[in-house]
Each structure stands twice: as C-alpha cells, then as structure tokens.
Amino acid sequence: MDLNRREFIKTIGIASALGILGGKGFELLLPGELDAKVLTESKGKQWAMVIDMPKCIQKNQKEPCKECITSCHTIHNVPDLADPKVELKWIWKEKYENTFPGTHHEYTNEAVHGKDFIVLCNHCTNPPCVRVCPTKATWQRPDGIVMMDWHRCIGCRFCMAACPYGARSFNWGDPRKCPPDKNPNFPTNMAYPTRSKGVVEKCTFCPELLAKGELPACVQACEKIKVNALIFGDLSDPESVVRQVLREKYTIRRKPELGTAPKVFYII
Amino acid sequence: MYDGTKILIGLIIGLAFFLSPFFYNAGKAAKAPQPELSPKAKEAKVCVREKDYMRSNHMQLLDNWRHTVVRDDVRYYKSPLNDKIYYMSLQQTCMECHSNKSKFCDSCHNYFGLVPYCWDCHVEPKEKK
C-alpha cells in the first residue's frame with residue numbers, strides 16, 4: 001500500500017473517529033438517569049459565618065473550650081499529628097494579634113489581647129487558592145463555598161502558597177499512620193473518608209451536612225453547649241440570622257486589604 | 001562435523017525448558033472469581049442496577065457518583081432498575097450492602113490483579129475475621 005502523508009493522516013483521522021463512536025469506553029449514564037432528586041438546600045444561597053468572639057472568650061475563661069474543633073476534626077477524620085510542623089487543621093485557634101495583623105493596636109479592648117480566636121477557611125468571595133489551582137481540585141461553588149475535590153488534588157500546594165490565612169494543610173505522610181495514643185479510634189467517622197499522603201485539605205463548610213438541612217459541625221457543636229458563638233446562614237437573604245447579626249453588630253474580617261472578601265465575620 | 005543426535009537432544013531439552021511453565025501450571029487454571037454476597041445484600045436481592053450492568057460498569061457508576069456528589073452536590077440516585085432512591089456514597093451505600101469487601105470486591109479485583117486506590121482514603125468496612 002502506498003500512502004502519502006495526507007492520506008495517512010486522513011485514514012488515521014477516520015479510524016480514530018470510528019473508534020470513538022464505536023467504543024463502549026465512552027458510555028456514561030444516559031441523560032435523565034441522574035435527575036433523581038436534585039437537592040435544593042444550597043440553591044441561590046451564599047453561605048457565611050459570624051464568629052461572636054466575646055461569647056467564645058467568655059466561655060473559654062470559665063474553662064478551656066474546643067468543642068467546635070473537636071467536633072469538626074472527629075467528623076472529618078482529621079488526625080492530631082502532635083507536631084506543629086506537619087499539623088492538619090480545618091478549624092483552629094490563633095492569637096488575636098495574628099488573626100488581625102495590622103488591625104490591632106495596643107488600646108483595643110484589653111479583653112481580647114493575647115486571646116485565642118477561632119479561625120477557619122474564610123470561603124473568600126475572591127479566593128486566591130482557586131485562581132492558582134492547576135487541576136480545578138479546588139473551586140468556588142455557586143453557593144460561595146470554596147470546595148475541595150480530593151480526587152483531583154495532585155498535591156502541588158500552590159493553593160497553600162496563595163492562601164493568606166494559612167487555612168490549608170498538606171498531608172506530608174499517610175494520615176492513617178497518626179500516633180495512636182493521640183488518636184485512639186482513627187478513623188473516627190466510618191461514614192467519611194480520610195485523606196491520603198500528598199493531598200491538601202481544609203474546611204468545606206460541611207456540604208454533606210448542609211445537603212441534609214443541617215448546620216456545619218462546628219456550629220452544631222457550639223449550639224450544643226449553648227454558647228452560640230458561631231452563627232451560620234445565607235448572606236443573600238436579608239432576613240437570615242447572619243444578616244441580622246451583621247446589621248446589629250459591628251464586624252470585621254481578616255486582612256480586608258487583600259480584597260479576598262472573606263465570608264467569615266468577627267464580632268470583637 | 002555435525003552430530004545430529006546431540007543437536008536433537010539439546011533441542012528437546014531446550015524446548016522442554018521453554019515449555020516447563022505451561023506444564024507446571026497445567027490443570028491449575030485460576031478459577032473464575034465467585035463474589036460472595038453478604039447477608040444484607042442477599043436480603044436486598046438487587047443491586048443499585050442490573051447485575052450485568054454492575055459487573056461490567058460499576059467503575060463508571062462510581063466515577064459518576066463521585067463526580068456528581070463532590071462537584072455538583074447532587075447526592076441521590078434514582079435507579080432505572082426499580083426507581084428506588086439511593087444515597088450516592090461508596091462507604092455508606094455500596095459497602096453497607098457489600099460489607100464483606102474481602103470476599104466480594106477483592107475476590108474479583110485480586111483475580112484481575114487490581115488494587116483500586118480508593119481505599120487510601122475511603123474507609124473499608126470492618127470485617128469479622
């Protein structure tokens with residue numbers, strides 16, 4: 001057979017087109033098969049959180065409290081690695097001065113000086129982490145949640161470099177090899193996956209709970225001990241709890257000068 | 001110059017050596033896997049789709065589930081088999097019925113020399129030994 005270059009390319013083209021059309025490898029679910037029950041909990045909403053620090057500090061002064069942290073890390077199988085260099089955290093404590101660098105000054109209310117603030121992913125309106133992710137493993141959902149798809153994360157850590165709040169942690173090792181004395185029953189939640197070595201993780205605002213009409217785990221934990229320092233709701237609804245609190249109380253956000261527009265607000 | 005017998009013997013020994021793996025394994029063909037249903041699956045009688053579909057397409061189904069759950073926030077699946085609604089979850093749905101992973105999923109996957117990496121993260125059901 002005498003093929004010149006043109007004919008060769010044409011033949012290959014036709015063959016590969018037929019290959020695609022005839023191949024079963026491309027068979028996916030038929031249209032309509034997945035229409036089942038599309039959840040509407042998050043439709044048209046913009047999730048946000050207000051953290052009422054006076055309430056949180058008051059509780060902490062009576063006795064050290066970390067109900068929100070424990071609850072989140074238990075539900076999401078976040079182990080305690082007992083080493084700050086490699087620690088994994090979705091929600092954690094940060095000193096007031098480090099939470100609001102540049103905003104604090106020596107004459108602010110003494111009650112907050114040196115106090116532990118609760119910090120987590122800010123689910124920014126303009127998330128820098130999303131901009132730099134090369135695989136779309138992290139992206140912004142229509143309801144504003146900056147979500148992680150661990151199946152796509154390649155562990156490049158650009159997002160960690162981009163996040164100005166240190167809200168992302170990297171799995172330097174296999175989280176299942178966490179020290180057993182600190183994590184007696186790991187994985188703590190048999191209904192949720194762990195992560196693996198080489199992926200980044202962070203707070204997700206609990207879409208798996210929102211889908212069931214429940215509040216995020218940390219908010220539920222704080223409500224359970226009747227402190228109610230974490231308030232969660234829909235920013236796009238003027239009558240929502242978060243909007244009411246934001247209207248009544250003066251709130252600030254972390255590092256506003258960066259223009260990331262966090263959706264986590266603090267009452268000082 | 002040529003010693004026919006020596007060459008022939010050499011050839012036979014060489015050939016025997018070459019074919020020895022075939023003789024060694026003769027009659028020991030690995031049995032086709034027999035995935036075992038757990039009591040819970042037996043009670044349910046049917047899977048989320050037809051058996052044949054599951055056998056050949058469960059990986060595509062799982063891929064679709066994880067995509068729709070994680071990326072589209074759609075969490076329920078209506079089976080075209082019987083219109084039943086399933087919560088799309090590997091750990092909470094598939095493994096709830098197929099709780100005997102080692103005798104079910106693994107029996108096939110071992111036969112095919114397959115180690116899905118899902119279990120690096122997804123928690124396997126605890127099995128009684």
Nearest heavy-atom neighbours spanning A:Y192 and B:V123 | O-CG2, 3.6 Å
Output every pair passing salt bridge (Lys or Arg N to Asp or Glu O under 4.0 Å) with a member in residues 161-175 of chain A, not counting sequence neighbours, ordered by first then second residue.
-> none
Sorted by first residue and then second, give each salt bridge (Lys or Arg N to Asp or Glu O under 4.0 Å) pair with at least one member in residues 83-108 of chain B; sequence neighbours left out.
-> B:K40-B:E96, B:K101-B:D106, B:K101-B:E124
When only heavy atoms count and the cut-off is under 4.5 Å, which of residues 147-158 of chain A reach chain B?
-> A:M147, A:M148, A:D149, A:H151, A:R152
Heavy-atom pair with the smallest gap, counting every atom of B:D73 and A:A211 | OD1-CB, 4.5 Å
Between A:P207 and chain B, which part of the residue has a heavy atom less than 4.5 Å away: side chain, backbone, both or neither?
-> both
In this structure, are over 12 heavy atoms from other groups packed under 6.0 Å from A:D83 atom CG?
-> yes
Can B:R75 and A:K212 be said to form a side chain to side chain contact (heavy atoms under 4.5 Å, CB included), step by step?
-> CA-CA 10 Å; B:R75 283 166 198 268; A:K212 287 192 277 184; over 6 Å; no
Closest non-hydrogen contact found for A:R176 with B:W119 is NH1-O, 3.2 Å
Indicate every side-chain donor-acceptor pair of residues 197-206 of chain A with a distance under 3.5 Å to a residue at least two apart or in another chain.
| residue | atom | partner | partner atom | Å |
| --- | --- | --- | --- | --- |
| A:E201 | OE1 | A:N171 | ND2 | 2.8 |
| A:E201 | OE1 | A:R195 | NE | 3.2 |
| A:E201 | OE2 | A:W90 | NE1 | 2.8 |
| A:E201 | OE2 | A:R195 | NE | 3.4 |
| A:E201 | OE2 | A:R195 | NH2 | 3.2 |
| A:K202 | NZ | A:V146 | O | 2.6 |
| A:T204 | OG1 | A:C206 | N | 3.3 |

Choice from B:H67, B:R66, B:M95, B:K126 maximising heavy atom contacts with chain A below 4.5 Å = B:R66
Heavy-atom donor-acceptor pair, A:S196 side chain to B:C121 backbone, under 3.5 Å = no
Using a cut-off of 6.0 Å, state whether more than 12 heavy atoms not belonging to A:K66 lie near its atom NZ.
-> no
Does a side-chain heavy-atom distance below 4.5 Å link B:Q92 with A:M190?
-> no
